[in-house]
Visitor: 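The following block contains the structure, expressed as structure tokens.
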Amino acid sequence: MTAGDSAGAPAVLDGPFTTRQLLRLDDALRLADQSTGLVFSVYVGDLDNPARGDAEKLHSQLADPDRSVLVAVSPNQRVLEIVTGAEARKRLPDRDCKLAALSMAASFSGGDLTGGIVSGLAQLADHAGRP
Amino acid sequence: MNAVSILQTVLVFVGIPAAVVVVITGLVYARSSRPGKRYRPGRPFDFTPVWFLSAPEPMSGVDGRAALPGARRAELTAGETAADSAVAAHGDTGGASDRW
């Protein structure tokens with residue numbers, strides 16, 4: 001997985017999304033970041049067992065974990081994890097995360113990965129409000 | 001009037017419908033030339049894992065696009081190399097889980 005190399009674009013295109021879907025995701029991420037001041041990030045791929053622990057490990061590798069929100073989706077295991085850092089948790093209570101998770105899982109069960117992630121991010125950003 | 005030959009009859013009433021069927025079938029399968037890209041819950045879905053952050057600044061031009069992979073690099077490499085390092089204290093992380 002060398003998405004950081006100069007040949008990064010093709011590696012990303014091997015992922016689960018088409019170019020159009022990638023653009024939608026990018027828009028959603030940027031909007032969420034700008035409107036809340038938090039750092040949202042989306043991981044789509046397999047998670048080691050236990051999924052919660054693995055998602056938290058990924059979250060701790062982010063640049064600023066305290067202010068970060070990680071949405072980890074594993075389509076094959078059909079697992080979704082939302083991890084909020086200490087600072088982000090004050091703005092995004094677990095109850096709101098659960099609500100977003102429910103609606104995302106509903107989209108995923110219909111086979112719509114992009115739609116679920118985009119609407120979930122919008123919902124999370126909405127609940128977090130302005131900084 | 002000389003009646004049309006059997007060959008002509010067959011050509012018109014069998015050949016043309018057959019040609020139409022072949023064309024339509026070809027069009028249908030040409031459209032789904034990328035099978036397996038679509039995610040269906042419960043079926044194996046092959047893809048390379050991806051991890052996105054938003055672009056540091058709005059992508060207004062080539063500069064913004066060039067900055068995107070750079071922003072991802074730290075996380076992506078960290079995901080492979082530092083996977084087994086001691087997890088930072090994350091006792092106060094929150095969030096939610098769900099399955100489908």
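Note that the structure is predicted; figures quoted are calculated from it, not measured.
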Visitor: Looking at every heavy atom in both B:Pro49 and A:Gly45, which two are closest together, and how far apart are they?
Guide: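 Heavy atoms only, the tightest pair is CB-CA, 4.0 Å.
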Visitor: Which answer fits A:Val73, side chain, backbone, both or neither, if we ask what part of it has an atom under 4.5 Å from a heavy atom of chain B?
Guide: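 Answer is side chain: those atoms of A:Val73 sit under 4.5 Å from chain B.
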Visitor: So B:Val50 and A:Pro16, do their side chains get closer than 4.5 Å, heavy atoms only?
Guide: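 SC-SC contact between A:Pro16 and B:Val50 confirmed.
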Visitor: With a 4.5 angstrom heavy-atom cut-off, is it the side chain or the backbone of A:Leu22 that approaches chain B, or both, or neither?
Guide: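 Only the side chain of A:Leu22 comes within 4.5 Å of chain B.
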Visitor: Could you grab the distance from atom CH2 of B:Trp51 to atom CG of A:Leu70, nearest 0.5 Å is fine?
Guide: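 The distance works out to 6.0 Å.
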Visitor: Which distance, rounded to the nearest 0.5 Å, do you find between the NE2 of A:His59 and the OG1 of B:Thr93?
Guide: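 It is 7.0 Å, given to the nearest 0.5 Å.
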Visitor: Given that the side chain runs from C-beta out, which part of A:Leu99 has a heavy atom under 4.5 Å from chain B: side chain, backbone, both or neither?
Guide: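 It is neither, since no heavy atom gets under 4.5 Å.
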Visitor: Is it the backbone or the side chain of A:Gln77 that comes under 4.5 Å from a heavy atom of chain B, or both, or neither?
Guide: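 Just its backbone gets close to chain B.
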Visitor: Backbone N or O of B:Arg99 within a donor-acceptor pair of the A:Arg78 side chain at under 3.5 Å?
Guide: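 Answer holds: no.
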Visitor: Atom SG in A:Cys97, atom CG in B:Asp98: separation rounded to 0.5 Å?
Guide: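 The SG atom of A:Cys97 sits 12.0 Å away from the CG atom of B:Asp98.
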Visitor: Measure A:Leu31 against the heavy atoms of chain B and call it side chain, backbone, both or neither at under 4.5 Å.
Guide: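 Interface part for A:Leu31: neither.
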Visitor: Kindly compute the distance separating OH (B:Tyr39) from CG (A:Asn76), expressed to the nearest 0.5 Å.
Guide: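 With rounding to 0.5 Å, OH (B:Tyr39) is 7.0 Å from CG (A:Asn76).
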Visitor: Check step by step if side chain to side chain contact (heavy atoms under 4.5 Å, CB included) holds for A:Val44 and B:Phe47.
Guide: CA-CA 9 Å; A:Val44 183; B:Phe47 63 96; 4.0 Å; yes
Visitor: Among A:Asp66, A:Val79, A:Thr84, which residue forms the greatest number of heavy-atom pairs with chain B at distances under 4.5 Å?
Guide: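 Most pairs with chain B among the choices: A:Thr84.
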Visitor: Examine whether an atom of A:Val39 lies under 4.5 Å from a heavy atom of chain B, and if so say whether it belongs to the side chain, the backbone or both; otherwise answer neither.
Guide: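 Answer is side chain: those atoms of A:Val39 sit under 4.5 Å from chain B.
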Visitor: Is B:Ile6 reachable from B:Phe13 through a run of I, L, V, M, F, W or Y residues, each pair having side-chain heavy atoms under 4.5 Å apart?
Guide: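 Different clusters.
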Visitor: Looking at chain A, which one of B:Pro41, B:Ser97, B:Gly94 has the largest number of heavy-atom pairs inside 4.5 Å, strictly under?
Guide: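 Maximum pair count with chain A is reached by B:Gly94.
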Visitor: So B:Leu53 and A:Asp33, side chain to side chain contact (heavy atoms under 4.5 Å, CB included) or not? Walk me through it.
Guide: CA-CA 9 Å; B:Leu53 283 174; A:Asp33 277 23; over 6 Å; no
Visitor: Where is the tightest heavy-atom contact between B:Trp100 and A:Pro75, given as atom of each residue plus distance?
Guide: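 What the structure gives for the nearest pair is CZ2-CA, 3.9 Å.
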Visitor: A:Phe17 vs B:Phe52 aromatic rings, parallel, tilted or perpendicular, using cut-offs 30° and 60°?
Guide: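 The arrangement is tilted - the two ring planes meet at 30° to 60°.
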Visitor: Between A:Gly15 and B:Thr48, which heavy-atom pair has the shortest distance, and what is it?
Guide: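 Result for this residue pair: N-OG1, 3.4 Å.
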Visitor: Let me know if A:Phe40 has heavy atoms under 4.5 Å from chain B in its side chain, its backbone, both or neither.
Guide: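 Answer is backbone: N, CA, C or O of A:Phe40 sit under 4.5 Å from chain B.
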Visitor: So for A:Ser68, is it side chain, backbone, both, or neither that comes closer than 4.5 Å to the heavy atoms of chain B?
Guide: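 Neither part.
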